[in-house]
Amino acid sequence: MLKTNLFKKTSELLKGKKTIAVVCNQWGDTGKGKFVDFFGSWADIIARGTGGANAGHTIRLKDKEYIFHLIPSGILYDSKGKINIIGSGVAFDPAVVEHEMSLLKASGCSNKNIFFSKDAHLVLPQHLLLDRVKESKAGLNKIGTTGRGIGPVYEDHYARIGLTVNDLLNPKIFKEKLIRNLREKIVLLNQYDKKVIKQILQHEHLGCGRFYDNKNIFNIDAIVKEYTRYGKIFKNNITDTDTYLRKNLGKKKILLEGAQGNLLSIDHGTYPFVTASDCTIAGLAKGVGLHENDVDMTFGIIKAPYMTRVGEGAFPTEMGGLKSAKWCGTSGITKKMEKDKFGDLLLDQTDEFKLGVAVRMAGYEYGATTGRPRRTGWLDLPFLRYSVQFSGPDVIFTKIDVMDLCKEIKICVAYEYTGPKYHVGELILNKGTKINIAIPDKEVLKYCRPIYKTFSGWQTTIRKLRNVNELPQQLKKIISFIEKEAGVKTRIISVGPDRDETIIVLK
Ligand code: GDP
Ligand code: IMO
Ligand code: MG
């Protein structure tokens with residue numbers, strides 16, 4: 001549970017609220033896990049509504065770290081009668097859920113109150129395979145996905161050939177739908193090198209070769225057998241969660257857990273370098289059967305004064321620019337390799353690329369799902385102004401403590417467009433045009449040169465502080481600047497990964 005003082009302040013912050021949500025104003029990995037766990041003490045029901053096992057939500061509790069990909073991050077309040085839900089909008093991978101449930105059991109968390117939407121679409125071996133084939137050298141248009149099958153699952157959903165969690169309960173129907181689902185995919189996969197396909201299907205996420213068939217690519221009976229087994233294990237967890245949530249709206253305290261971030265939204269993000277679901281509050285609410293207007297308060301997280309991105313796509317404020325993008329995109333770079341190569345870098349680097357590495361090391365910015373180094377850059381106000389249009393003004397700042405010892409803080413206040421004449425609807429961009437609100441078009445973003453305002457750092461550690469008045473003056477100045485420039489209101493300031501390392505701002 002939260003310490004008494006924090007719990008009191010949280011109750012005050014949420015006074016009169018029945019349904020709240022935690023989403024991210026950037027490209028993910030901003031601390032949604034921490035804050036879903038945090039608000040979990042308040043909530044009766046905690047629900048995921050978007051994404052799938054591409055998410056990696058970390059919770060630090062009493063020196064122990066938990067990473068959840070699919071199970072809602074409120075699960076750690078066991079035996080308190082809280083309900084956890086994986087909603088209809090989630091790409092549901094039963095293998096990941098089984099694994100996470102077994103880890104929870106092993107660590108003594110016995111929460112049985114977890115329910116899966118019967119309507120969530122299933123991640124099947126073909127989705128994981130296609131995702132990985134497309135991302136391999138054989139594929140075109142690399143996005144830098146997490147390889148969790150997310151794109152192909154949502155593609156099938158919209159192509160109206162997807163299989164749902166409910167199909168796990170009906171093996172005969174499951175098999176019929178599976179055969180239909182695979183028909184076109186086999187034709188497509190036959191265009192690729194068989195060796196690559198066989199190799200991918202040996203991966204542990206794809207049943208270690210169990211689902212491979214030399215002649216037809218997929219061993220249908222092996223897949224049916226495995227997924228029928230999931231049906232048996234999960235039969236008491238599968239239900240109509242959307243209706244359940246609608247019935248409890250306004251009665252129980254509901255907490256919605258966002259995945260990814262607004263800038264990765266399929267509808268509003270930096271397309272095509274996005275995920276395949278709508279990560280905004282609208283997508284999240286829809287993914288649990290609700291409407292965004294049903295949500296009384298949405299907390300949009302801002303990692304500041306640096307931010308991160310994983311995978312391909314523009315990142316105008318990236319420290320070290322293309323050099324960093326290339327380095328982080330090189331397959332196989334690990335935290336250990338960076339440490340061996342660069343040693344312990346401090347935050348006083350004058351070289352921007354090295355500063356980016358130093359920030360990554362200081363913030364432990366390595367993917368919770370893939371282990372990839374996260375690209376690091378300065379806080380980008382044009383993107384923040386764009387993003388808060390979706391999640392509204394209430395924000396949580398996270399990871400500020402990472403920059404405690406940085407002498408100089410840069411904040412991007414606008415971009416200068418440096419490209420050729422370009423039409424964006426009725427707007428015409430020319431060389432030298434100033435852009436205040438980001439335009440998430442890759443033809444624009446590649447020519448956006450950040451204009452920075454520089455601040456002195458606060459240069460003192462803040463992790464032990466629990467009251468907004470105690471924060472260093474210089475940090476307060478920076479936060480006020482961001483609030484004013486992006487039109488946001490600070491509700492919480494996070495000063496460390498632990499539940500209690502949190503400052504509630506009541507004003
Ligand atoms: P999510 O995907 O949004 O849940 O975020 P991730 O779990 O992928 O990454 C956020 C990381 O930052 C995790 O390791 C958290 O434990 C950690 N974290 C969260 N808030 C803070 C904070 O205020 N300060 C520090 N130093 N770490 C934090
Ligand atoms: P959480 O919830 C950061 C990124 C991938 C890639 C793009 C598409 O932990 O914040 P996908 O596998 O979804 O098809 O990959 O989206 N991505 C994330 N980046 N945090 C995440 O989740 C992400 N989920 C997907 O790196 O660029
Ligand atoms: Mg994450």
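Keep in mind that what you see is a predicted model, and the values were worked out from it rather than measured. Order of listing sets the numbers, starting from 1, for every ligand and every atom in it.
- Only the side chain of D401 comes within 4.0 Å of ligand 1, counting heavy atoms alone; its backbone N, CA, C and O stay farther away.
- Considering backbone and side-chain atoms alike, D29 places an N or O below 3.5 Å from some N or O of ligand 1.
- From the protein, the heavy atom lying nearest to atom 2 (O) of ligand 1 is G56 O, 2.9 Å.
- Below the 2.8 Å limit, the Mg ion (ligand 3) has as protein N, O or S neighbours D29 OD1, G56 O.
- Distances from ligand 1 to the non-hydrogen atoms of G496 include at least one value under 4.0 Å.
- Partners of K3 by salt bridge (Lys or Arg N to Asp or Glu O under 4.0 Å), not counting sequence neighbours, listed by chain and number: D500.
- The stretch residues 457-480 participates, sequence neighbours left out, in no ring pair (Phe, Tyr, Trp, His ring centres under 6.0 Å) pair at all.
- Between V402 and ligand 1, no N or O atom pair is found at a separation short of 3.5 Å.
- Considering both main-chain and side-chain atoms, G31 comes within under 3.5 Å of ligand 1 through a nitrogen or oxygen pair.
- Checked against the 6.0 Å centroid criterion, the rings of F35 and F299 do not qualify as a close aromatic pair.
- More than 12 heavy atoms of other residues, nucleotides or ligands shown are found within 6.0 angstrom of NE2 on H203.
- Annotation: atom 12 (O) of ligand 1 to nearest protein heavy atom, K399 NZ, 2.9 Å.
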Tell me which donor-acceptor pairs under 3.5 Å the side chains of residues 57-72 have, and how far apart each pair is, sequence neighbours excluded?
unit_1, atom_1, unit_2, atom_2, d
H57, ND1, E257, OE2, 2.6
H69, ND1, A55, O, 2.7
H69, ND1, T369, OG1, 3.3

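- Between C24 and ligand 1 there is no heavy-atom distance shorter than 4.0 Å.
- Contact annotation: for Q26 versus ligand 1, there are no heavy atoms closer than 4.0 Å.
- In the model, S265 has a side-chain atom that pairs as donor or acceptor with a side-chain atom of D278 under 3.5 Å.
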